[in-house]
Number of protein chains: 2
Amino acid sequence: MNMYKNIASIAALIGDQTRTTILASLADGKALTAGELSRITKVSPQTASSHLTKLVDGGLLTVQIQGRHRYYRLSSSSVAEIIEAIAKIAPPSPIRSLRESEQAKRLRFARTCYKHLAGELGVAFTTALVQKGYFQEGEESYQLTPSGSQWLNEFGVKTNHTEPIPRHIDWTERRHHIGGPIAVCITRRLTELEWIAEGEIRRSIVVSSLGRSMFEQEFQIKLWS
Amino acid sequence: MNMYKNIASIAALIGDQTRTTILASLADGKALTAGELSRITKVSPQTASSHLTKLVDGGLLTVQIQGRHRYYRLSSSSVAEIIEAIAKIAPPSPIRSLRESEQAKRLRFARTCYKHLAGELGVAFTTALVQKGYFQEGEESYQLTPSGSQWLNEFGVKTNHTEPIPRHIDWTERRHHIGGPIAVCITRRLTELEWIAEGEIRRSIVVSSLGRSMFEQEFQIKLWS
DNA sequence: TTCATATTTCGATCATACGTGAAATATCTG
DNA sequence: CAGATATTTCACGTATGATCGAAATATGAA
């Protein structure tokens with residue numbers, strides 16, 4: 001029965017904590033260098049290199065050489081979908097320790113995911129939009145409602161989108177949030193309005209004092225940090 | 001970074017050829033005994049038992065004890081979805097022999113899945129039922145329509161079912177078909193009417209000449225084999 | 001009860017593979 | 001060119017885990 005040999009080998013490839021961390025770090029589609037991934041996974045550069053080679057050989061990653069740097073990225077979104085499918089049945093994320101690094105906290109607080117808002121803020125924002133009736137949550141997607149369409153125009157996002165909106169799962173929060181082009185437009189508009197801005201830490205987002213008050217005033221989202 | 005520990009451990013659980021074969025064998029929702037799975041995977045009963053224990057502990061399988069037999073089955077369809085997601089990027093494996101190919105073909109044609117009709121016939125039949133307006137396909141389920149309810153009664157299936165009907169995915173067809181109790185009832189009725197019958201090969205279904213003409217006449221389903 | 005079947009537990013073997021130090025290769029900088 | 005940085009390759013210790021023989025447990029049959 002070597003019928004499922006390929007499936008098993010791919011699963012085995014994912015089934016290592018260091019490699020899972022690598023894949024998860026690349027899940028937003030960004031490319032990272034071998035050194036960065038070595039630091040993220042907290043293993044030696046040799047070990048990271050070994051894992052990266054295996055992931056490339058296994059077809060999960062592609063590599064792009066730029067000078068002495070090697071940029072690794074997911075070879076396709078299907079890879080991210082596998083991890084997401086596993087995350088669905090994975091036991092809930094461990095309880096956060098009280099003493100966790102400020103950086104981890106901030107990253108979890110607000111993150112960009114394929115250029116749209118994710119993390120706690122993304123989840124809270126999506127929840128608020130659904131509660132206001134702007135979006136309707138379905139089994140696998142969100143749908144923009146007429147009132148939502150109107151709100152989007154008033155908010156400054158032009159769209160005549162009527163297709164289902166991808167529903168993403170936040171890996172740390174295990175909750176849903178909107179994805180796709182609309183989410184990107186909304187995030188861009190939020191940046192324009194200076195409610196949010198890119199933080200110093202890679203992929204992190206900071207909320208301005210204006211944003212803080214606006215999120216609370218308009219969407220009843222209280223930010224505590 | 002034990003954030004992705006759970007994901008990695010589940011992937012590692014799938015990442016063994018014997019265990020993948022077990023999971024794939026149970027993918028249609030059927031329950032098999034430890035002995036059957038030992039024979040399918042071609043490992044000793046001890047080895048199979050060890051793997052099964054791990055899969056149950058990992059939450060991928062559930063076990064039901066009946067006398068001296070232990071029936072194992074997938075704990076949820078999410079497990080099947082993981083395998084399917086991996087299969088998407090796994091290179092297809094070559095067919096071993098012509099004989100196996102013939103058997104695979106027949107199995108692909110019509111298969112029972114949770115005692116309901118699957119395979120090509122199941123998919124075609126479901127498509128026809130949706131097209132006739134008897135069922136409405138949603139994101140993750142089907143809904144019985146009033147006209148569908150009426151048709152069911154005329155067809156000889158008594159039901160006052162209004163809950164969503166599970167939507168199953170056929171692995172070989174990659175298309176959807178109805179599942180759940182209603183599908184079982186319909187399949188039973190099809191057997192009663194002698195449109196279909198159990199084939200010689202395990203889990204296979206043969207269509208009678210009556211069934212062949214009826215499927216074509218009533219549902220515009222042409223069977224070529 | 002006695003025997004057969006189904007399944008698990010224990011113990012031992014063996015292969016795989018993760019991780020790292022050391023060293024090699026390649027690129028950038030001054 | 002020399003030195004620093006990025007990354008890989010090699011060699012090796014170690015650990016995990018897949019497999020199976022032997023034995024134990026539980027159920028069904030005679």
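Worth saying up front: this structure is predicted, and the values here are computed from it rather than measured. Side chains are part of it too, since the values below use all heavy atoms of this structure and drop only hydrogens, waters and symmetry mates. Throughout, protein chains are lettered first and strands after them, A, B, ... in sequence-line order, and every chain is numbered starting at 1.
A 4.5 Å side-chain heavy-atom check between B/Arg73 and B/Thr62 finds at least one atom pair inside the cut-off.
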Dump the pairs, protein N or O against N or O of nucleotides 20-22 of chain C, anything under 3.5 Å, distances to one decimal.
from	atom 1	to	atom 2	distance (Å)
C/dT20	OP2	A/Ser44	N	3.2
C/dT20	OP2	A/Ser44	OG	3.4
C/dT20	OP2	A/Thr47	OG1	3.2
C/dG21	N7	A/Gln46	NE2	2.5
C/dA22	N6	A/Gln46	NE2	3.4

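Across the protein-nucleic acid pair, B/Leu61 atom CG and C/dT8 atom P stand 12 Å apart, rounded to whole Å. With rounding to whole Å, A/Ile65 atom CD1 is found 17 Å from C/dT25 atom P. Nucleotide C/dT8 holds its C1' atom 15 Å from the NE2 atom of B/His69, rounded to whole Å. Regarding B/Tyr71, its OH atom lies at a distance of 13 Å from the P atom of C/dT8, rounded to whole Å. Taking atom CD of A/Gln17 as the reference point, atom P of C/dA17 lies 18 Å away to the nearest angstrom.
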Legend entry - Stepwise side-chain contact (heavy atoms from CB on, under 4.5 Å) check, B/Leu26 with B/Val79: CA-CA 10 Å; B/Leu26 300 170; B/Val79 178; over 6 Å; no

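Closest approach of B/Ala85 to A/Ala85, counting heavy atoms only: CB-CB, 4.5 Å. Taking each heavy atom of B/Ala8 and A/Thr20 in turn, the nearest pair found is CB-OG1, 3.3 Å. Listed here is the closest heavy atom pair of B/Ser25 and B/Leu37: CB-CD2, 4.2 Å. Smallest separation of non-hydrogen atoms from A/Thr47 and A/Ser44: OG1-OG, 2.9 Å.
Residues meeting the side chain to side chain donor-acceptor pair (under 3.5 Å) test with A/Thr33, sequence neighbours left out: A/Glu36.
For DNA chain D, the contact window with chain B, defined by any atom under 4.0 Å from a protein heavy atom, covers D/dA18 to D/dG28 in 5' to 3' order.
Under 4.0 angstrom from either OP1 or OP2 of C/dC18 there lies at least one side-chain N or O belonging to A/Arg19.
Residue A/Glu194 places its CD atom among 12 or fewer non-hydrogen atoms of other residues, nucleotides or ligands, all under 6.0 Å distant.
Nucleic acid contact class of A/Ser38 (heavy atoms, under 4.0 Å, all strands): none.
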